[in-house]
Amino acid sequence: MFEKIKIFFEELETDSLESKKDVLEDILSLAKEEGLIEIDKGKKVDDLKIVQTKYFGKKGIISDLMKYMGKVSNKDKPILGKIIHNFKTTLEDKLNQRFTVLKKTEINAKLETEKIDITLPGTNSQRGHKHPLTLVEEQIKEIFTNIGFTVVEGFEIEEDYYNFERLNIPKDHPAREMQDTFYLNEDVVLRTHTSPVQARIMDKMCPQLPVKIIAPGKVFRRDDDSTHSPMFHQIEGLMVDKNITFADLKGVLLHLVKSIFGEERKIRLRPSYFPFTEPSAEVDVSCGNCNQEGCRVCGYTGWLEILGSGMVHPSVLEMAGYNSNEVTGFAFGIGIERIAMLKYGIDDMRLLFDNDLRFLEQF
Ligand code: DAH
């Protein structure tokens, strides 16, 4: 195209443009057709920009044509101007039109791909749930509150006096060796059991009757293996009133065991020793794994030990101010970990404290 125009003007020389304007018009009308086709072919804004540069750029056809304006005679200038103007505006109009269309399509396509569907469900954050120890503690609390017990709390940091002396365990008593104690100082310990709550609640209540409480909480001992943890949980139970007997204790514990493990389970009370109860009994539940046939879980005995209990020792009642000739009571201490392990078939206590979600998610 450049070439044809160049030749035209070379040949024009001194001739007037007027007589040969048809020839130039033909050349340009061809160029125009070509341009219009190129514009139509452009499928993207960028394609169109290339065409735009070809015709309207600094070195484009139109600026090339303009150079001849200075070369033709004054008379010819308006003629050439008109021809160029016609050529230019046709292409310009077509380009603008096409730019508008393509820009719109591109924006629409972009909007389409970047569209946010607000009706889609969001990504849910994982829902937490209760720890197996919490589940067991809550269940036991519910069982006892349903039969009139009140839930109370004691202190994790406890006086030696309440942790031991008030429970009939004086300083040199061999029973202190049953519990590996964390001493904070000579008189203050991390409580080794929830039993001190017995003494504290009786101090508070005396002379009122009945005393009917359970006390859940953390306890601490210097122990750490697959069945012991230095921190674990107990629930203490205490009932003091007139005419409380061992049969009441047995009835309450049987109700507890059946509620947790199922109606078909049985309990067995074995004579035992605790300084703060007399008589004392260790309580076993019939093994649910083997139906008492004997298996690894119950050590082939058919029974699983679950708690300690007994009738409140007269001195423990007396130290609180109750007359042990008139009132009696029973007490028990349940290990929550032990119950959770039996209930859910967990064989290593440390799993309860590792907080591995793969483990915890199962409950
Ligand atoms: N305090 C005892 C312990 O931690 C458990 C216990 C036994 C609590 C007998 C009692 C009880 O209330 O009567 O080993």
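In listed order, ligands and their atoms are each counted from 1. Predicted model, so just to flag it, every value in this text is computed and none were measured.
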Which atoms from ligand 1 have a heavy atom of [X] less than 4.0 Å away?
X      : value
Ser195 : 1 (N), 8 (C)
Gly310 : 13 (O)
Thr277 : 13 (O)
Phe274 : 7 (C), 9 (C)
Gln234 : 3 (C), 4 (O)
Gln198 : 12 (O)

Notebook entry, point to check: What's the shortest heavy-atom distance between Ala331 and Gln198, and which atoms?
Noted result: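 Of all heavy-atom pairs spanning Ala331 and Gln198, the closest is CB-NE2, 3.4 Å.
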What class does the angle between the rings of His193 and Phe276 fall in, given that below 30° is parallel, 30 to 60° is tilted and above 60° is perpendicular?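 Perpendicular: the ring planes of His193 and Phe276 meet at over 60°.
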Can you confirm if the aromatic rings of Tyr344 and Phe363 lie within a centre distance of less than 6.0 Å?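 Between Phe363 and Tyr344, the centre distance is under 6.0 Å.
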Using distance alone, decide if ligand 1 has a nitrogen or oxygen within less than 3.5 Å of any nitrogen or oxygen in [X].
X      : value
Thr192 : no
Phe332 : yes
Ala331 : yes

Between [X] and [Y], is there a side-chain N and carboxylate O pair less than 4.0 Å apart?
X      : Y      : answer
Lys44  : Glu106 : no
Glu18  : Lys21  : no
Asp284 : Arg270 : yes

Problem - Residue part near ligand 1, for Arg221, under 4.0 Å between non-hydrogen atoms - result: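 It is the side chain that touches ligand 1; the backbone stays farther off.
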- Query: Heavy-atom contacts under 4.0 Å between Phe276 and ligand 1: side chain, backbone, both, or neither?
  - Reply: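 Side chain only; the backbone of Phe276 stays clear of ligand 1.
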Checking Gln52 side chain against Asp47 main chain: does a donor-acceptor pair fall under 3.5 Å?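 Between the backbone of Asp47 and the side chain of Gln52 there is no qualifying donor-acceptor contact (under 3.5 Å).
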Subject >> Arg200 NZ/CZ over Tyr162 ring centroid, <6.0 Å and within 45° of normal >> reply: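 Verdict for Tyr162: a cation-pi partner in Arg200.
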